[in-house]
Amino acid sequence: MNTWAVIDFETTGLSPDQGARPTEIAVVLVQDGQLVDRYQSLMNPGVPIPYDIQALTGISNDMVRRAPAVATVMAEAAAFVGTHPLLAHNAAFDKKFWDAELRRLSLMRQQEFACSMLLARRIFPEAPNHKLGTLVQSLRLPATGRYHRALADAEATAYLLLRLKQELRMRFKLPGISHDLLLAIQGVSRSAMDGCVAKFGQGAG
DNA sequence: TGCCAGGCCCTCTTTAGGGCCTT
């Protein structure tokens, strides 16, 4: 079974180290080339959402005031993800929040965390830029809803993952793309991709 | 309705600086 858990956070800021907390999370399970299951919830961060971020995401203080506590939602999200490898667009951001909120629950992430932005930079270096919205447009991926809402962005990232795997299969004539291959590619320079494919290129996907 | 990070990657590089990307 080759399943990815694609996640996206909306938050009150850029860094949990500076007091930012999540306001929404979505998880999309990708299996056998399809989006097979979804989890999404707003959550009450317990801190005010700055005005500019409310404008960016459309998530207001009123909306999260009635939502479940962060701890409740994160426990559900962690159970939904299970041991599937994680993937996010600019994973450095989502990984910080995922790990910080799990620590508050005395949990620790066990699986790898891959990044669709790093993969897209290597596989589609010619893209105008590597923002999620730009890649959706330039690669003609399915429209999923309002940008900067967790489920729409997680679904867009899931479609991007499928497109990245499709491109690798076509370019290197592979039967499938394993977790190990994607993780290896994101960890090397563009010029070292061929070596990665030779080493990890056989696997179901 | 304040404050604001940090890893990756390119290049005018590696004894560094700055843009990208996430909210």
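Within every chain, numbering begins at 1; the chains are lettered A, B, ... in the order of the sequence lines, protein sequences first and strands thereafter. Only heavy atoms go into these numbers, but all of them, side chains included; no hydrogens, no water, no symmetry mates.
Taking atom C1' on both nucleotides, B:dT1 is separated from B:dC8 by 32 Å, rounded to a whole Å. When the P atom is used for both B:dG18 and B:dC12, the distance is 14 Å, rounded to whole Å. Comparing the C1' positions of B:dC9 and B:dC4 gives an interatomic distance of 23 Å, to the nearest angstrom. Across the C1' atoms, B:dG17 and B:dT13 are found 9 Å apart, a figure rounded to whole Å. Annotation: B:dT23 and B:dA5 have their C1' atoms spaced 11 Å apart (nearest Å).
Comparing A:Gly13 and A:Val47 along DNA chain B, the residue whose closest nucleotide (by nearest heavy atom) sits nearer the 5' end is A:Val47.
Considering A:Leu141, A:Val136, A:Ile123, A:Leu135 as possible partners of A:Arg163, the one that fulfils the side-chain contact (heavy atoms from CB on, under 4.5 Å) test is A:Leu141.
Rounded to a whole Å, the CG atom of A:Leu132 is 13 Å from the C1' atom of B:dT23. As a whole-Å value, the separation of A:Ile53 CD1 from B:dT23 C1' is 5 Å. Per the geometry, CZ belonging to A:Arg149 stands 17 Å off P belonging to B:dT22, to the nearest Å. To the nearest angstrom, P of B:dC21 lies 18 Å from NZ of A:Lys95. Between the P atom of B:dT1 and the CD1 atom of A:Ile59 lies a distance of 21 Å, rounded to the nearest Å. Atom-to-atom, CG of A:Asp52 to C1' of B:dC3 comes out at 11 Å; the value is rounded to the nearest Å. For A:Ile49 and B:dC3, the CD1 to P distance is 17 Å, given to the nearest whole Å. Whole-Å rounding puts the A:Lys131 NZ to B:dT22 P distance at 7 Å.
A:Phe97 and A:Ile49 are assigned to two separate hydrophobic clusters, defined by single-linkage of ILVMFWY side chains at heavy-atom distances under 4.5 Å. A single hydrophobic cluster is seen to contain both A:Val6 and A:Leu181, as judged by linkage of ILVMFWY side chains at heavy-atom distances under 4.5 Å, directly or through other members.
A:Arg149 has its side chain within reach of A:Ile59: a pair of non-hydrogen atoms, C-beta onward, lies under 4.5 Å apart.
At the phosphate of B:dC20, neither OP1 nor OP2 sits under 4.0 Å from any side-chain N or O atom of A:His130. Between A:His148 and B:dT23 there is a side-chain N or O to OP1 or OP2 distance below 4.0 Å.
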Practice task
Would you mind building the protein contact string for nucleotides 6-14 of chain B? One character per nucleotide, 5' to 3', B for base within reach (heavy atoms under 4.0 Å), S for sugar-phosphate only, - for untouched.
Solution key: S-BSS----
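Among the atoms of the strands shown, only primed sugar atoms or phosphate atoms (P, OP1, OP2) are found under 4.0 Å from some heavy atom of A:Phe9. As judged by a 4.0 angstrom heavy-atom cut-off over every strand, A:Asp94 is placed among residues making no nucleic acid contact. Nucleic acid contact for A:Thr23: none, since no nucleic acid atom lies under 4.0 Å from a heavy atom of the residue.
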Practice task
Please test A:Leu164 against A:Leu160 for side chain to side chain contact (heavy atoms under 4.5 Å, CB included), starting from the C-alpha separation and ending with a verdict.
Solution key: CA-CA 6 Å; A:Leu164 291 164; A:Leu160 174 58; 4.0 Å; yes
Exercise for the section: Let me see the working for A:Glu155 and A:Leu151 under side chain to side chain contact (heavy atoms under 4.5 Å, CB included), right down to the final yes or no. Expected result: CA-CA 6 Å; A:Glu155 288 186 343; A:Leu151 185 58; 4.0 Å; yes
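With hydrogens and angles disregarded, a donor-acceptor distance shorter than 3.5 Å links the side chain of A:Gln111 to the backbone of A:His84.
The aromatic rings of A:His179 and A:Trp4 sit perpendicular to each other, their planes meeting at more than 60°, with 30° as the lower class boundary.
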